[in-house]
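Just below is one structure, and these are the notes that go with it.
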Amino acid sequence: MTALSDAAIRVRSALEARGLETPMKGNNLTLDEKQSRITGLMTEMMDVLGLDLEDDSLAETPQRIAKMYVREIFSGLDYSYFPKITLIDNKMKVDEMVQVRDITLTSTCEHHFVTIDGTATVAYIPRGKVIGLSKINRIVQFFARRPQVQERLNQQVLVALQTLLESDDVAVSITATHYCVKARGVMDATSSTTTTSLGGIFKSRPETRQEFLGGVVR
């Protein structure tokens, strides 16, 4: 088992304390063991569907799906994948909003296991520390790589950044297309969903909130 970083431990603890952690229970399986188990289960499912696993196009599909689940699209369930975080002292005394727009995210609906595809905008007011800009993207992508509901994803990114920056002054907005709406059920191909989480000054000061939301809508 890979030792978790201090940042990963702090973020996980903060999410658990607020009831925002993804519903999980430990099973102590290694990545290889998970991959092997899922391969067997996918083989059984495809057999139930009547697919011919001896066909060369399908023969490796269970293994491909298992590897994709464990090491790619659901890798955010494992905190050993939490990004290495770079924080530096705010020596320049920056006190205006830092905003990162159009962060690409691809997640998976936890109700149907189909794609959620969208973008995030994240902002914070620097206090004692500033964070490397690419780390914001990586935090969004880490939490996106789980079975998710968008509202929880939004909150997880917010709390993670508040915890790492030791400041409530963070805002997160996500706009995404849900393929459980687009590709099944109502089959609405054009709708999207926007969720917003505001903390600290973004919630208490209307002009700061509007500056952030104006950048999101633009």
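Note that the numbering runs from 1 along the sequence shown for the chain. As the structure is a computational prediction, the values presented were derived from the model and not from experiment.
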Just do the side chain to side chain donor-acceptor pair (under 3.5 Å) check on T119 and T175 with the steps written out, would you? CA-CA 6 Å; T119 60; T175 298; 5.5 Å; no

For Q156 and V11: C-alpha separation, side-chain torsions, deciding distance, then whether side chain to side chain contact (heavy atoms under 4.5 Å, CB included) applies. CA-CA 9 Å; Q156 287 176 338; V11 167; over 6 Å; no

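- The shortest heavy-atom contact between D169 and G200 is OD1-CA, 3.4 Å.
- Between the S107 side chain and the R146 main chain, a donor and an acceptor come within less than 3.5 Å of each other.
- Under a 3.5 Å cut-off, the side chain of R37 and the backbone N or O of E33 do not form any donor-acceptor pair.
- Side-chain contact between S5 and K84 is absent, with no heavy-atom pair separated by less than 4.5 Å.
- Shown here for T196 and F212, the closest heavy-atom pair between the two residues is CG2-CE2, 4.2 Å.
- Cluster annotation: L41 and F113 are assigned to distinct hydrophobic clusters (Ile/Leu/Val/Met/Phe/Trp/Tyr, side-chain heavy-atom contacts under 4.5 Å, transitive).
- Side chain of Q162 to main chain of V170: no donor-acceptor pair is present (N/O by atom type, distance under 3.5 Å, no hydrogens or angles).
- Legend: residues meeting ring-ring contact (aromatic ring centres under 6.0 Å, His included) with Y79, ordered by chain and number and at least two apart, are F142.
- No side-chain donor-acceptor contact under 3.5 Å links T177 and S192.
- Contact of the L165 side chain with the Y124 side chain is registered, since non-hydrogen atoms from C-beta on lie closer than 4.5 Å.
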Yes or no on side chain to side chain donor-acceptor pair (under 3.5 Å) for S80 and D78, after CA distance, side-chain angles and deciding distance? CA-CA 5 Å; S80 68; D78 186 343; 2.8 Å; yes

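- Side-chain contact check for F82 versus L4: every heavy-atom pair is 4.5 Å or farther apart.
- Between E211 and R205, no side-chain nitrogen of the basic residue sits less than 4.0 Å from a carboxylate oxygen of the acidic one, so the salt-bridge criterion is not met.
- When the side chain to side chain donor-acceptor pair (under 3.5 Å) test is applied to N90, no partner is found at least two apart in sequence or on another chain.
- No side-chain heavy atom of V98 sits under 4.5 Å from any side-chain heavy atom of V130.
- Between K135 and L164 the shortest side-chain heavy-atom distance does not fall below 4.5 Å.
- A side-chain N or O of T61 and one of R64 form a donor-acceptor pair less than 3.5 Å apart.
- A heavy-atom distance below 4.5 Å is not found between the side chains of F202 and L158.
- Side chains of S167 and I125 form no contact here, defined as non-hydrogen atoms less than 4.5 Å apart.
- Between K129 and D89 a salt bridge is recorded (basic side-chain N to carboxylate O distance below 4.0 Å).
- For T163 (side chain) and V159 (main-chain N/O), a donor-acceptor pair under 3.5 Å exists by modelled atom type.
- The closest side-chain donor-acceptor pair between Q150 and T195 falls under 3.5 angstrom.
- Between the side chain of R209 and the backbone N or O of K203 there is at least one donor-acceptor pair closer than 3.5 Å.
- One finds the NZ atom of K67 at 14.0 Å from the CD1 atom of I65 (value rounded to the nearest 0.5 Å).
- In this structure, the side chain of N154 engages the main chain of V172 through a donor-acceptor pair within 3.5 Å.
- No continuous path of ILVMFWY side-chain contacts below 4.5 Å connects Y69 to V114, so the two sit in separate hydrophobic clusters.
- Side-chain atoms of E16 do not come within 3.5 Å of backbone N or O of E21 as any donor-acceptor pair.
- The closest side-chain heavy-atom distance from R145 to I73 is not below 4.5 Å.
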